[in-house]
Amino acid sequence: MIGLADCNNFYASCERVFNPRLKNEAVIVLSNNDGCVIARSNEAKKLGVRMGAPVFKIKDTISKYNINVFSTNFALYGDMSERVMNTLKSEVDEVEIYSIDEAFLNFSDFIDTDRAIHIKKKVKQWTGIPVSIGIAPTKSLAKIANHMAKKYTSNGIFIINNDSLADQILKKFPIEEVWGIGRRFGKKLSYFNIKTALEFKNANSKWIKKNFSVNGLRLQKELKGEICYPLESGYKSKKNICTSRSFSKEIKNFSHLSEIVSSFANNCAYKLRKQKSCCTKISVFLMTNRFKLNSPQYFPSITLNFDTPTNDSFEIVSRANKALFKIHNPKYSYKKAGVVVHNTSPESSIQTSLFDTIDRKKRQQIMKSMDLLNSKMGKNKIHLASGNFNRKWTFKREKLSPCYTTMFSDILKIQL
DNA sequence: TCTGGGGTCCTAGGACCC
DNA sequence: TCTGGGGTCCTAGGACCC
């Protein structure tokens, strides 16, 4: 059996852990620039706050019901996630961290619900975060079990352990809510009169493969109880690494864009070094405001290569600026920019170039020192001079909660 | 006035090889 | 007049996930 532990309303729950006043109150967490809603407590969901809703459109609801609003605090959520995962690992031998708030658990030795209840209680006690656990023979079914646990149980645990129970649930489970079926596929299936998970499970396999590729076929098998997505608990390095942001105001000025792109590129290089990878390609893109329907749109992007795989900030930042220069058109104002590095490979086995002119050993030492100082003294204590210094207005986070677990200055104070 | 960020996998088609 | 067969690699675009 495979278990899926999924944190309930994760970001909202994180805010609650250090702010007990919020218990039983409506809480929402906003995206970057306080733009739209990306997490809601159950109370907020009941008030009709939709996922992804732009904040300016729900201002009335927020003030009418006194909803507690937070800017995203990824330092906090990331750290809380690590605590939850470590607690799970203390109970289960094999844990696959699937996302910031979910993990698949090897439950091959699963005996009864008591074990799941114990795990759930332990996570709550050690971290303050409520989780739900779904248990089933495959990942896809565990996803459905987790959904049931959240929606219909009081203890937050649900097990699918036999075929007739599975069919009973699949019969009422809308196909577009199944893991791997998005809006497009949902619509397409509905056109062919497949509306429930059970109808999908019983559909003709050849037809599924033809219309929904091998992934559709795998999903169908998983619903039948055959494992197609095995547990993968090992560390997997990323193949693409991206840093991108929308700005709170539109930006036209090239040198300001250059500062921003430089810090994005520097961040990508840092992430590469963190996972001990190098890249051979870098893309830079710009975007005008896609919601301004009346103004002209421009979404340029470009990809440049490195002859030698690299994770050197100097090299990556300077190539990013070259790319930016090529795509920047001063006619437009931009709302978003991003840097992506791809074609990653382990830094331990890079293919060097005959014509390389860079002293890579020396550069590596510089990067190492820079990363070490920044990890000891605080993020961006040392950075390239080309980086972005106008953070204050470029990105908006007005309702930021303290970084309770990652900054000494923000540690929770308790009055006795 | 105001609308997120970071990923993966698959497929088709083009360019190339012998 | 007639114009093969069997591959690989890369990219763009589309779907999905959280």
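Letters A, B, ... are given to chains in the order of the sequence lines, protein chains preceding strands, and every chain is numbered from 1.
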Rounded to the nearest angstrom, tell me the gap between atom [atom1] in [X] and atom [atom2] in [N].
X: R397(A); N: dT3(B); atom1: CZ; atom2: C1'; value: 18 Å
X: N32(A); N: dG4(B); atom1: CG; atom2: P; value: 9 Å
X: D6(A); N: dC18(C); atom1: CG; atom2: C1'; value: 10 Å
X: I175(A); N: dA15(C); atom1: CD1; atom2: P; value: 17 Å
X: I97(A); N: dG6(B); atom1: CD1; atom2: P; value: 19 Å
X: I38(A); N: dG7(B); atom1: CD1; atom2: C1'; value: 15 Å
X: F299(A); N: dG13(C); atom1: CZ; atom2: C1'; value: 16 Å
X: N8(A); N: dC18(C); atom1: CG; atom2: C1'; value: 15 Å

Residues [X], [Y]: salt bridge by 4.0 Å N-O rule:
X: R397(A); Y: D34(A); answer: no
X: E25(A); Y: R40(A); answer: no
X: E102(A); Y: K143(A); answer: yes

- Query: Strictly under 6.0 Å, is that where the ring centroids of F158(A) and H147(A) end up?
  - Reply: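 Between F158(A) and H147(A), the centre distance exceeds or equals 6.0 Å.
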- Message: Please report whether the ring centroid of F247(A) lies less than 6.0 Å from that of Y334(A).
- Response: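 They do not qualify: ring centres at least 6.0 Å apart.
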Does a nitrogen or oxygen in the side chain of [X] sit under 4.0 Å from OP1 or OP2 of [N]?
X: S246(A); N: dG5(B); answer: yes
X: K236(A); N: dT8(B); answer: no
X: R183(A); N: dA15(C); answer: no
X: T303(A); N: dT11(C); answer: no
X: R290(A); N: dG4(B); answer: yes

- Of the nucleotides dC10(B), dA15(C), dG4(B), which one has an atom closest to the side chain of F291(A)?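 Ranking dC10(B), dA15(C), dG4(B) by closest atom to the F291(A) side chain puts dG4(B) first.
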- Message: Let's see if you can work this out: which of dC10(B), dG6(B), dG4(B) has an atom nearest to the side-chain heavy atoms of C36(A)?
- Response: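 Nearest to the side chain of C36(A) among the choices is dG4(B).
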Using a 4.0 Å heavy-atom cut-off, does [X] contact any base of the nucleic acid, only the sugar-phosphate backbone, or nothing at all?
X: K143(A); result: sugar-phosphate
X: L30(A); result: nothing
X: R218(A); result: sugar-phosphate
X: V37(A); result: nothing
X: F74(A); result: nothing
X: F185(A); result: sugar-phosphate
X: K281(A); result: sugar-phosphate
X: D101(A); result: sugar-phosphate
X: T243(A); result: sugar-phosphate
X: K335(A); result: sugar-phosphate

- Query: Where each residue is assigned the nucleotide of DNA chain B containing its nearest heavy atom, which of S237(A) and G35(A) is assigned the position nearer the 5′ end?
  - Reply: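 Result of the comparison: G35(A).
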- Item | 5′-ward residue of the pair I241(A)/G52(A) relative to DNA chain B |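 Nearer the 5' end of the strand: G52(A).
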- Sole residue of I208(A), T138(A), V214(A), V178(A) in side-chain contact (heavy atoms from CB on, under 4.5 Å) with L219(A):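 By the side-chain contact (heavy atoms from CB on, under 4.5 Å) criterion, L219(A) pairs with just one of I208(A), T138(A), V214(A), V178(A): V178(A).
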- Task: Indicate yes or no for a side-chain donor-acceptor contact from S81(A) to the backbone of Y77(A) under 3.5 Å, with no hydrogens or angles considered.
- Result: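 Answer holds: no.
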- Message: Please report the distance separating the C1' of dC17(B) from the corresponding atom of dG4(C), rounded so that it comes out in whole Å.
- Response: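 Looking at atom C1' only, dC17(B) and dG4(C) are 15 Å apart.
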